[in-house]
**Q** 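Take this structure, written in structure tokens, and hold onto it; I'll ask about it next.
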Amino acid sequence: MIRKYLKYFKIQTVDVLIYYLDKSLLFDFETQDYIVKKRKMDNKKICFSISVDGKVIHESYLYNRTFILRLINKKGPTIGDCKTIEGYRGKAIYPFVINYIAKQEILSNNIKEVFIIVNSDNASSIKGIEKAGFKMHTRIKTKKFLLFYFKVNKLSNLEKT
């Protein structure tokens, strides 16, 4: 039981890219024959999913806020924990859903910008994020212990190294 929680007491290296989409970046994404279902999980997150024949093929979550955005003096809804099952990858479902979520938030809820955070080494997710119209804001390299970040190195979208 304790082993399950030991990982939280280790210093973790964080290397993430923070992307954003605002009203000026909105566009109509290519049409998909899927219906995106929205389910409120609690006051902090909403699940967006697509099902085919009763089987969930994609899920993405929208969080009201994330702590890491504070490091760049931003706040706002953040898309995360996205997954598409193996047989449906490469069919533009991921960019379709995250574009749909951002568009809904910006147009329906009058939100200024929507964020998505991705590990810097996740090339396939980065490709989908950029295809969905998101633009890179910042890269953050830092160390994390519990909820605390230290040795924070922020690189603007012009300094992608």
Side-chain angles (χ1 to χ4, degrees), residues 12-52 56-85 88-142 144 147-149 152-161:
Q12 299 172 339
T13 299
V14 177
D15 185 1
V16 294
L17 304 175
I18 299 176
Y19 283 81
Y20 73 97
L21 194 132
D22 61 21
K23 198 169 192 171
S24 72
L25 298 170
L26 287 178
F27 68 96
D28 289 326
F29 195 80
E30 59 189 69
T31 306
Q32 296 273 349
D33 291 331
Y34 300 111
I35 296 170
V36 179
K37 293 181 184 172
K38 180 179 177 180
R39 185 176 80 240
K40 188 171 184 175
M41 305 299 285
D42 55 38
N43 287 336
K44 297 179 182 177
K45 73 178 176 182
I46 300 169
C47 176
F48 292 83
S49 63
I50 293 177
S51 298
V52 172
V56 176
I57 63 163
H58 178 87
E59 282 185 327
S60 289
Y61 292 86
L62 181 69
Y63 297 90
N64 285 346
R65 61 180 144 194
T66 54
F67 189 77
I68 201 163
L69 288 180
R70 292 181 187 178
L71 298 176
I72 60 168
N73 299 319
K74 292 284 189 177
K75 61 182 177 180
T78 305
I79 300 169
D81 296 332
C82 305
K83 59 184 177 260
T84 304
I85 65 170
Y88 290 88
R89 293 181 185 162
K91 298 182 180 186
I93 294 170
Y94 173 57
F96 167 72
V97 173
I98 62 175
N99 178 278
Y100 173 88
I101 294 168
K103 195 172 190 177
Q104 281 252 300
E105 285 297 300
I106 291 167
L107 297 179
S108 300
N109 297 331
N110 202 27
I111 300 294
K112 182 181 172 186
E113 54 192 350
V114 176
F115 298 93
I116 189 164
I117 301 168
V118 62
N119 288 334
S120 65
D121 62 352
N122 192 340
S124 59
S125 286
I126 292 167
K127 184 178 175 184
I129 290 166
E130 291 175 352
K131 185 174 183 177
F134 284 78
K135 297 293 177 212
M136 188 167 132
H137 184 286
T138 308
R139 180 178 185 172
I140 295 180
K141 290 182 174 186
T142 186
K144 178 182 173 186
L147 294 175
F148 305 101
Y149 294 92
V152 177
N153 182 10
K154 297 180 262 186
L155 303 167
S156 73
N157 61 355
L158 301 174
E159 309 171 76
K160 289 189 180 181
T161 58

**Q** Taking only residues two or more places apart in sequence or in another chain, which ones pass side chain to side chain contact (heavy atoms under 4.5 Å, CB included) with D121?
**A**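 For D121, the residues satisfying side chain to side chain contact (heavy atoms under 4.5 Å, CB included) (neighbours in sequence not counted) are N119.
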**Q** Hey, are the side chains of Y34 and I57 touching, using non-hydrogen atoms and a 4.5 Å cut-off?
**A**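 They are in contact (side-chain heavy atoms under 4.5 Å apart), so the answer is yes.
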**Q** Minimum heavy-atom separation for T78 to G76, with atom names?
**A**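 The pair with the smallest heavy-atom distance is OG1-O, 3.3 Å.
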**Q** Can you see which heavy atom on Y19 is nearest to which on V118, and at what distance?
**A**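 Closest heavy-atom pair between Y19 and V118: CE1-CG1, 4.0 Å.
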**Q** Please report the interatomic distance CZ(F48) to CD1(I79), rounded to the nearest 0.5 Å.
**A**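 So the CZ of F48 and the CD1 of I79 are separated by 8.0 Å.
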**Q** Does D22 have any side chain to side chain contact (heavy atoms under 4.5 Å, CB included) partners at least two apart in sequence or in another chain, and if so, which?
**A**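 Side chain to side chain contact (heavy atoms under 4.5 Å, CB included) check on D22 returns Y20, S24, L25, E113.
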**Q** Quick one: are K75 and L69 in side-chain contact, heavy atoms under 4.5 Å?
**A**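 A side-chain contact under 4.5 Å is absent here.
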**Q** Rounded to the nearest 0.5 Å, what's the gap from NZ on K38 to CD on Q104? Could you check?
**A**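 The NZ atom of K38 sits 5.5 Å away from the CD atom of Q104.
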**Q** Checking N109 now: which residues fulfil side chain to side chain contact (heavy atoms under 4.5 Å, CB included) with it, not counting sequence neighbours?
**A**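 E105, I111.
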**Q** Quick one: side chain to side chain contact (heavy atoms under 4.5 Å, CB included) partners of S120, sequence neighbours excluded?
**A**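 Partners of S120 by the side chain to side chain contact (heavy atoms under 4.5 Å, CB included) criterion, ordered by chain and then number, come out as D15, L17, R139.
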**Q** Do any N or O atoms from the side chain of H58 and from the backbone of I85 form a donor-acceptor pair under 3.5 angstrom?
**A**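 Checking the backbone N and O of I85 against the side chain of H58, no donor-acceptor pair under 3.5 Å is found.
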**Q** How close do M41 and Y61 get, heavy atom to heavy atom, and via which atoms?
**A**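 That would be CG-CE2, 4.2 Å.
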**Q** I need the full list of side chain to side chain donor-acceptor pair (under 3.5 Å) pairs touching residues 39-50, with sequence neighbours left out, sorted by first then second residue.
**A**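 Residue pairs passing side chain to side chain donor-acceptor pair (under 3.5 Å), neighbours aside: none found.
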**Q** Are side-chain heavy atoms of L26 and L107 found at a separation under 4.5 Å?
**A**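 A side-chain contact under 4.5 Å exists here.
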**Q** Nearest 0.5 Å, please: how far is CZ in R70 from CZ in R65?
**A**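 The distance works out to 6.5 Å.
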**Q** Of all heavy-atom pairs between L62 and V114, which one has the smallest distance, and what is that distance?
**A**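 L62 and V114 have their closest heavy atoms at CD1-CG1, 4.5 Å.
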**Q** For the residue pair L21 and I106, what are the closest heavy atoms and their distance?
**A**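 For L21 versus I106, the nearest heavy atoms are O-CD1, 3.4 Å.
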**Q** In residues 91-103, what donor-acceptor pairs under 3.5 Å come from side-chain atoms, sequence neighbours left out?
**A**
| residue | atom | partner | partner atom | Å |
| --- | --- | --- | --- | --- |
| N99 | ND2 | A132 | O | 2.9 |
| K103 | NZ | D28 | OD1 | 2.3 |

**Q** When rounded to the nearest 0.5 angstrom, what is the spacing between OG1 in T138 and CD1 in I68?
**A**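 Output value for this atom pair is 10.5 Å.
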